[in-house]
Amino acid sequence: TNACQRTQMICKDSELEFINNCAVLTQNFPCEEGCGHQVGQEIPCYVHDARRDTAKQCLVTDDAIPSCSASCPATTRLCACVPQF
């Protein structure tokens, strides 16, 4: 959400489904340990915290509805920024 605001855009929850896949994440993050499936509203994301069992993975979800307002200190989000209308 903050990243979108810095570019005069907004993050839209309904657009997150279009970036919730490994192909998009690997274009934006290193995903050194590949992609994994997890449950959480902060997904899609990249796990940068080396202490996590999912460290260096890009995470996607099929079981949760992602939310732009969700966050986790162990991850870096990929948000769906769209123009403000």
Side-chain angles (χ1 to χ4, degrees):
T1 300
N2 291 337
C4 293
Q5 290 173 345
R6 286 192 296 272
T7 60
Q8 307 295 321
M9 300 177 95
I10 60 171
C11 182
K12 192 168 182 182
D13 292 344
S14 62
E15 297 294 317
L16 288 169
E17 69 177 281
F18 299 108
I19 61 173
N20 184 32
N21 65 72
C22 192
V24 172
L25 290 172
T26 57
Q27 291 174 357
N28 293 275
F29 297 112
C31 308
E32 298 96 326
E33 297 295 326
C35 290
H37 288 266
Q38 294 288 323
V39 176
Q41 288 188 314
E42 76 282 1
I43 297 170
C45 64
Y46 170 71
V47 183
H48 60 261
D49 187 339
R51 297 170 294 176
R52 300 293 178 117
D53 60 344
T54 54
K56 297 185 179 182
Q57 285 186 21
C58 285
L59 301 179
V60 296
T61 185
D62 294 327
D63 298 323
I65 299 172
S67 169
C68 291
S69 62
S71 67
C72 175
T75 64
T76 303
R77 291 288 311 269
L78 183 60
C79 287
C81 298
V82 297
Q84 297 183 42
F85 292 107

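When a residue number appears, it is its place in the shown sequence, counting from 1. All of these numbers come straight from a predicted model, not from anything done at the bench.
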Chemist: Please report the closest heavy-atom contact between C79 and C4, naming both atoms and the distance.
Modeler: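 What the structure gives for the nearest pair is CB-SG, 4.1 Å.
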Chemist: Could you check if a side-chain atom of Y46 sits within less than 4.5 angstrom of a side-chain atom of K56, using non-hydrogen atoms only?
Modeler: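 In short, these two side chains touch, coming nearer than 4.5 Å.
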Chemist: For the atom pair SG (C72) and NE2 (H48), what is the distance rounded to the nearest 0.5 Å?
Modeler: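 Here the interatomic distance stands at 8.0 Å.
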Chemist: Sequence neighbours excluded, which residues qualify as side-chain contact (heavy atoms from CB on, under 4.5 Å) partners of P83?
Modeler: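 By the side-chain contact (heavy atoms from CB on, under 4.5 Å) rule, P83 matches M9, F85.
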Chemist: With sequence neighbours excluded, what pairs up with S67 under the side chain to side chain donor-acceptor pair (under 3.5 Å) test?
Modeler: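 Residues passing side chain to side chain donor-acceptor pair (under 3.5 Å) with S67: S69.
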Chemist: Could you tell me which non-hydrogen atom of D53 sits nearest to which non-hydrogen atom of Q57, and how far apart they are?
Modeler: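 Nearest heavy atoms, D53 then Q57: O-NE2, 4.4 Å.
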Chemist: Regarding C11 and C68, I want to know if their SG-SG distance comes in below 2.5 Å, which is how I'm defining a disulfide.
Modeler: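 Yes, C11 links to C68 through a disulfide.
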Chemist: To the nearest 0.5 angstrom, please state how far the CZ atom of F29 sits from the CZ atom of R77.
Modeler: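 It is 9.5 Å, given to the nearest 0.5 Å.
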Chemist: What residues form a side chain to side chain donor-acceptor pair (under 3.5 Å) with Q84, not counting sequence neighbours?
Modeler: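 Checked Q84 against side chain to side chain donor-acceptor pair (under 3.5 Å); zero matches.
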Chemist: When you look at T75 and D49, which way does the side-chain contact (heavy atoms from CB on, under 4.5 Å) test go after all the steps?
Modeler: CA-CA 7 Å; T75 64; D49 187 339; over 6 Å; no
Chemist: Indicate the atoms forming the closest heavy-atom contact of A80 with L16, along with that distance.
Modeler: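 The answer is N-CD2, 3.8 Å.
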Chemist: State which residues pass side-chain contact (heavy atoms from CB on, under 4.5 Å) with V24; sequence neighbours excluded, sorted by chain then number.
Modeler: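 V24 satisfies side-chain contact (heavy atoms from CB on, under 4.5 Å) with I19, N21, N28, L78 only.
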Chemist: What residues, two or more places apart in sequence or in another chain, satisfy side-chain contact (heavy atoms from CB on, under 4.5 Å) together with S14?
Modeler: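 With neighbours one apart ignored, the set is K12.
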Chemist: Please tell me if the side chains of H37 and T61 come closer than 4.5 Å, counting only heavy atoms from C-beta onward.
Modeler: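 Heavy-atom side-chain distance check fails, nothing below 4.5 Å.
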Chemist: May I ask you to list the residues sharing a hydrophobic cluster with I43, side-chain cutoff 4.5 Å, ordered by chain and number?
Modeler: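 Its cluster partners, ordered by chain and number, are V47, L59.
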Chemist: Can you name the nearest heavy-atom pair linking Q41 to I65, along with the distance?
Modeler: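 Answer, listing the atom of Q41 first, then I65: CG-O, 3.4 Å.
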